[in-house]
Amino acid sequence: MKVDLSVEVGALKLRGPVLAASGTFGYGTEVPLLERRALGGMVSKGIFLKPRAGTPPPRIAETPSGMLNAIGLQGPGVEALIRDYAPQWATWDFPVLVNINGESAAEYGELAGRLDGVPGIGGFEINISCPNVEQGGMYFGNDPRAAAAVTEAVRRRTKLPVWVKLTPMVSDIGVIARAVEAAGADAVSAVNTFVGMSIDLNAYRPRLSFRTGGLSGPAIRPLAVHLAHQAARAVDIPVVGVGGITRADDALEFLVAGCRAVQVGTATFVNPNAIAEVHDGVAAFMAAKGFASLADLPRFLPKD
Amino acid sequence: MKVDLSVEVGALKLRGPVLAASGTFGYGTEVPLLERRALGGMVSKGIFLKPRAGTPPPRIAETPSGMLNAIGLQGPGVEALIRDYAPQWATWDFPVLVNINGESAAEYGELAGRLDGVPGIGGFEINISCPNVEQGGMYFGNDPRAAAAVTEAVRRRTKLPVWVKLTPMVSDIGVIARAVEAAGADAVSAVNTFVGMSIDLNAYRPRLSFRTGGLSGPAIRPLAVHLAHQAARAVDIPVVGVGGITRADDALEFLVAGCRAVQVGTATFVNPNAIAEVHDGVAAFMAAKGFASLADLPRFLPKD
Amino acid sequence: MWVLGFAAPEIAASVKAGQFVNIGMRPGPLLRRPFSVYRVEGERIEVLLKAVGTGTAQLLALREGDVVSCLGPLGRGYDLASAEKSVVLISGGLGVAPMPLAARDAGAAGLHVTWVHGARTAAELCSESDGDEVILATDDGSAGFAGTVVGASPDAGLVLACGPNRMLAAVAQRWPAAQVAVETYMGCGTGVCLGCAVPLARGGYDRACTEGPVYTASDIDWAALPSHLAYALTLPSPASGRGAA
Amino acid sequence: MWVLGFAAPEIAASVKAGQFVNIGMRPGPLLRRPFSVYRVEGERIEVLLKAVGTGTAQLLALREGDVVSCLGPLGRGYDLASAEKSVVLISGGLGVAPMPLAARDAGAAGLHVTWVHGARTAAELCSESDGDEVILATDDGSAGFAGTVVGASPDAGLVLACGPNRMLAAVAQRWPAAQVAVETYMGCGTGVCLGCAVPLARGGYDRACTEGPVYTASDIDWAALPSHLAYALTLPSPASGRGAA
Ligand SMILES: Cc1cc2nc3c(=O)[nH]c(=O)nc-3n(C[C@H](O)[C@H](O)[C@H](O)COP(=O)(O)OP(=O)(O)OC[C@H]3O[C@@H](n4cnc5c(N)ncnc54)[C@H](O)[C@@H]3O)c2cc1C
Ligand SMILES: Cc1cc2nc3c(=O)[nH]c(=O)nc-3n(C[C@H](O)[C@H](O)[C@H](O)COP(=O)(O)OP(=O)(O)OC[C@H]3O[C@@H](n4cnc5c(N)ncnc54)[C@H](O)[C@@H]3O)c2cc1C
Ligand SMILES: Cc1cc2nc3c(=O)[nH]c(=O)nc-3n(C[C@H](O)[C@H](O)[C@H](O)COP(=O)(O)O)c2cc1C
Ligand SMILES: Cc1cc2nc3c(=O)[nH]c(=O)nc-3n(C[C@H](O)[C@H](O)[C@H](O)COP(=O)(O)O)c2cc1C
Ligand code: FES
Ligand code: FES
């Protein structure tokens with residue numbers, strides 16, 4: 001049975017529901033082996049206006065079914081991105097969203113303005129949820145007013161799709177989701193990493209130089225599914241689920257919980273072909289159940 | 001080398017730093033095999049004034065390195081606890097704290113009042129963090145005023161040690177910790193479970209009848225260590241670390257991160273002797289490092 | 001369906017029909033997996049299993065000499081102290097697991113044993129079956145009686161059953177006094193987590209791992225008991241065979 | 001220290017000295033573990049390892065015929081295209097791992113190879129060692145030269161080193177042009193996670209898995225490079241032997 005896996009996230013048409021998550025797929029030029037036919041889209045590593053060195057090592061630590069990272073948004077800055085990567089993206093057959101970061105709403109807006117209209121830029125994912133920077137990041141993400149201000153600043157500068165990446169470090173994710181929806185977001189990505197810490201028992205200090213890091217991987221999946229579900233119940237714009245997806249079943253949990261599409265992150269580190277395997281597994285599930293398209297997949301979105 | 005593992009949590013002297021976590025050790029009468037000599041203390045299953053049936057099955061679901069539970073605080077009510085369990089506790093050589101629950105601050109106070117002075121009751125752990133009840137529970141735990149009100153209501157009714165069990169579902173756990181400290185808590189336990197969801201892909205609905213459940217087990221350890229550390233930096237009263245401890249190294253991470261003692265929960269399900277193994281492993285670590293008592297263990301509690 | 005054998009002297013010596021062991025694997029899934037004790041041979045116990053997910057996949061990957069952690073015997077088994085002269089054992093699919101021990105204990109108690117075993121198709125019928133009398137049934141009639149085990153079995157005073165909760169509900173209708181072994185998810189198997197709740201006819205819940213897994217059929221609120229567990233779904237079961245570890 | 005062998009034709013055919021493979025185990029820890037390729041024999045590659053934690057424990061539990069996922073060859077290896085006539089290989093402890101291939105490639109390039117290998121004690125000295133000339137050193141003098149490998153080695157134009165980052169910092173002091181293979185934690189091994197950051201003398205960081213793990217010593221900001229990784233701590237190492245999988 002032929003299954004149609006294409007989805008629409010706002011105005012953005014994707015050939016499949018599985019995207020590469022920001023910071024886990026570089027600029028799309030690094031990962032070997034991946035069968036790109038299966039890639040619905042890609043979100044590039046988080047970028048700032050200016051180049052950033054990132055945090056000193058150690059930057060990662062492994063935990064049960066997960067990993068902590070504190071990369072600190074290392075990146076070449078927007079000009080290098082436009083020069084070195086955008087031209088390649090312009091030739092690809094899937095959209096690339098740029099994960100944008102700033103220390104003020106104005107900076108986010110300026111970044112979006114600089115990138116708007118550059119060939120190869122398919123849209124934006126506003127990162128107001130990075131736990132690994134001193135200013136901005138997560139601190140915009142757990143205040144509805146700040147989150148809305150950043151979203152508006154970006155919305156004003158571009159007609160391209162604008163997604164907002166939400167942080168799980170809030171007591172009610174629905175409040176933030178509604179705030180950015182009202183501010184003009186086309187979709188929300190739920191969720192970014194959870195703040196965690198791991199202690200080096202030889203040095204009696206945290207393993208990571210930044211002390212804390214963001215937890216990702218299968219360990220967080222049940223938390224991410226819940227938060228994506230809460231977001232999907234709170235807003236009318238599409239929700240893109242992310243957190244701990246390694247297999248098709250994991251992606252299907254997010255889709256049934258109300259997500260329009262999903263992103264795969266850490267799994268790609270372990271299995272460079274993870275995205276293709278998730279995509280093909282979803283297709284196989286749909287075929288086995290007799291669903292012709294994702295519109296037929298039952299969703300769990302009760303009103304109460 | 002002889003190592004002294006005794007600790008003081010407020011006025012409460014414990015022979016060891018490892019306690020049994022509420023809801024994972026029943027009333028202390030069930031678990032076989034455990035070498036009780038290693039038990040620093042026990043927190044009994046959460047109780048209400050009245051008997052409670054709890055939630056319908058399924059109540060648990062496994063996730064990577066963790067499990068979701070929605071037991072719904074099933075319990076016999078305070079009178080049965082006083083009749084059936086307290087008399088046994090009175091004969092034991094370690095203190096038993098009762099994990100108390102209510103739907104209003106008054107109910108918590110009434111429960112504490114009823115239990116205060118009953119032989120066998122060594123203290124209270126106020127549960128303002130249960131994710132699996134319709135009223136109360138977590139909803140007291142993420143509002144500093146409500147958390148303080150519950151703590152005061154209990155404090156007024158007893159001179160026994162009062163610990164407050166904090167929820168991780170807040171954007172700043174330090175705020176809640178300071179609120180309950182000001183309200184008279186002798187210690188805080190950090191943390192309770194994280195709200196999560198797991199989807200049954202055959203039924204297209206959550207695995208758990210309660211839809212969501214609390215995530216526990218090794219998966220949450222890095223998150224719990226971070227939150228316990230944040231709490232320890234926020235208050236002067238002792239912090240009891242809990243979340244994902246299965247081995248001595250895990251317990252030591254919490255202790256180095258600033259905790260006075262720890263609780264072991266889910267690990268007991270997998271290994272009924274887990275608490276004894278954690279206790280003995282901590283002793284072995286101390287001996288190997290040449291620390292005579294836990295006062296000598298270096299702690300990571302920077303001012304900045 | 002596969003059979004795994006473990007050297008477990010204490011368990012082998014004391015296990016009763018209907019009791020289970022809780023098996024933990026490292027590395028492996030976090031939680032142990034409960035399995036009915038299928039057979040006992042000297043100091044060896046055997047469990048019967050089909051490949052479902054993480055746990056069973058790993059158990060089936062075990063090789064001669066591998067070691068797993070086996071906690072048990074756990075739970076309350078079948079009660080064979082009875083005035084009756086005969087007993088009917090009713091099993092569906094994997095519900096066959098506790099029956100060889102039930103036949104053993106019933107035989108020891110001097111009861112005449114009739115075993116009624118059913119499956120969806122002949123292919124899924126467990127080959128071996130003890131007892132003085134054996135009746136087979138398949139939903140599709142590909143072997144033995146065409147229909148359910150409940151329809152296929154004679155009347156009897158003492159009935160012991162194990163199988164999908166749906167089948168047990170049917171047993172409960174015909175024989176309210178039947179002893180049925182139910183399945184639930186289990187967190188601990190030792191009575192502390194309350195994760196294995198079984199809804200009771202008189203209201204409330206108790207613990208399949210402690211008060212159960214064997215119940216008097218009429219004591220259970222069948223409407224409230226999940227009729228399928230994710231792992232109890234019928235999947236293409238591999239050709240029968242014998243593993244060992 | 002133990003040696004594990006894997007059948008990996010493509011890797012065996014193309015791997016250069018100093019490159020590594022990233023090994024994944026299921027079930028096992030989430031992340032892969034990088035290992036230098038130690039030897040190549042036909043279509044087999046070998047890695048040298050000591051028991052440290054989860055990953056190595058599981059690798060050492062492998063048995064003949066087991067299958068693991070092996071990604072590689074990864075990273076930039078040693079560059080042996082050189083005007084020099086001779087090369088000195090300097091290794092400390094597990095840093096011996098890339099040296100047999102370095103000796104092989106250097107020999108092929110017609111260089112005279114001196115291998116200086118050091119450890120804390122004779123017990124920890126890796127027995128086998130290739131090259132035209134071999135110098136051993138131990139911190140406690142229990143075998144060969146008493147002192148560090150840096151002190152023990154002759155002068156040379158072309159120096160290749162591998163070992164604890166502390167030792168490599170000393171190498172950098174004496175031979176700024178030396179090629180050193182550093183260790184970092186790695187998330188992906190393929191260049192996308194930026195977890196393997198190596199601090200550079202010119203400022204900023206690059207990726208040990210992609211621009212490294214071999215660097216010109218003077219390019220690294222040694223003060224900023226963690227001098228120990230949790231797994232690089234010296235633990236009582238088991239008696240030498242040979243495993244196989
Ligand atoms: C008393 C009792 C006796 C049993 N006897 C047998 C027997 O004789 N033979 C046999 O094959 N099976 C038996 N089972 C079932 C067995 O315990 C396993 O659940 C089953 O084999 C599937 O496990 P798995 O790890 O292969 O699959 P999994 O992949 O673990 O399970 C499939 C799905 O079920 C869920 N799940 C499985 N176990 C649990 C749990 N403990 N808690 C929460 N969720 C869970 C998983 O999340 C997964 O989605 C028995 C169960 C009970 C309670
Ligand atoms: C380029 C390169 C080459 C290497 N070559 C060899 C070799 O030839 N032989 C050899 O024995 N070892 C080698 N290593 C080290 C090896 O990759 C393992 O880290 C080491 O064997 C310990 O792994 P483990 O799983 O046994 O211990 P673990 O228990 O995983 O590690 C011990 C501690 O280190 C931490 N840790 C280990 N790996 C990581 C990681 N990737 N990310 C975050 N934290 C981590 C763990 O959290 C743990 O606390 C190499 C490393 C690199 C980067
Ligand atoms: C090493 C690493 C780097 C990341 N960098 C970014 C980033 O730059 N911007 C962002 O929005 N999210 C970033 N993330 C978060 C991921 O996009 C994703 O939200 C998170 O890892 C959870 O998904 P996973 O469990 O599939 O990895 C990063 C995650 C990891 C592990
Ligand atoms: C099945 C189950 C029941 C629990 N019941 C309670 C409870 O009644 N009261 C409470 O404060 N915490 C309860 N908890 C939370 C634990 O006490 C502990 O905070 C949490 O499980 C994290 O620790 P762990 O990872 O070691 O299990 C329960 C946890 C589990 C798994
Ligand atoms: S499985 Fe834990 S109480 Fe029954
Ligand atoms: S290990 Fe991921 S970039 Fe090097």
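A note on names: the letters A, B, ... follow the listed sequences, proteins ahead of strands, and every chain is numbered from 1. Hydrogens, waters and symmetry mates play no part in the numbers below; they use all other heavy atoms, side chains included.
Taking A:Leu297, A:Leu223, A:Leu215, A:Asp172 one by one and counting their heavy-atom pairs under 4.5 Å with chain B, the maximum is reached by A:Leu223. Considering only heavy-atom pairs separated by less than 4.5 Å from chain A, the leading option among B:Ala224, B:Ser65, B:Ser171 is B:Ser65. Of the residues considered (B:Ala219, B:Ala228, B:Pro168, B:Pro64), B:Pro64 shows the highest number of contacts with chain A, using heavy-atom pairs under 4.5 Å. With chain B as partner, the option from A:Gly217, A:Pro302, A:Pro222, A:Gly213 having the largest number of non-hydrogen pairs under 4.5 angstrom is A:Pro222. In terms of non-hydrogen atom pairs under 4.5 Å with chain A, the most contact-rich of B:Val195, B:Asn142, B:Val256 is B:Val195.
Atom-to-atom distance recorded for B:Met169:CE and A:Met169:CE is 9.0 Å, nearest 0.5 angstrom. One distance of note links NE2 of A:His226 with CZ of B:Arg211; it measures 12.0 Å at 0.5 Å rounding.
Heavy atoms closer than 4.5 Å to chain B are found nowhere in A:Phe254, neither backbone nor side chain. For A:Thr212, the part sitting under 4.5 Å from any heavy atom of chain B is the side chain, from C-beta outward, and nothing else.
Between B:Leu201 and A:Asp249, the closest side-chain pair of non-hydrogen atoms falls below 4.5 Å. Residues A:Pro206 and B:His229 have side chains not in contact (no heavy-atom distance under 4.5 Å, counting atoms from C-beta outward).
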| request: Report the C-alpha separation of A:Lys289 and B:Asn202 in whole Å, then their side-chain angles, then the decisive distance to 0.1 Å, and conclude whether the side-chain contact (heavy atoms from CB on, under 4.5 Å) test is met. | output: CA-CA 10 Å; A:Lys289 297 285 190 173; B:Asn202 302 296; 3.9 Å; yes
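A:Phe300 and B:Tyr204 get closest at one heavy-atom pair: CB-O, 3.7 Å.
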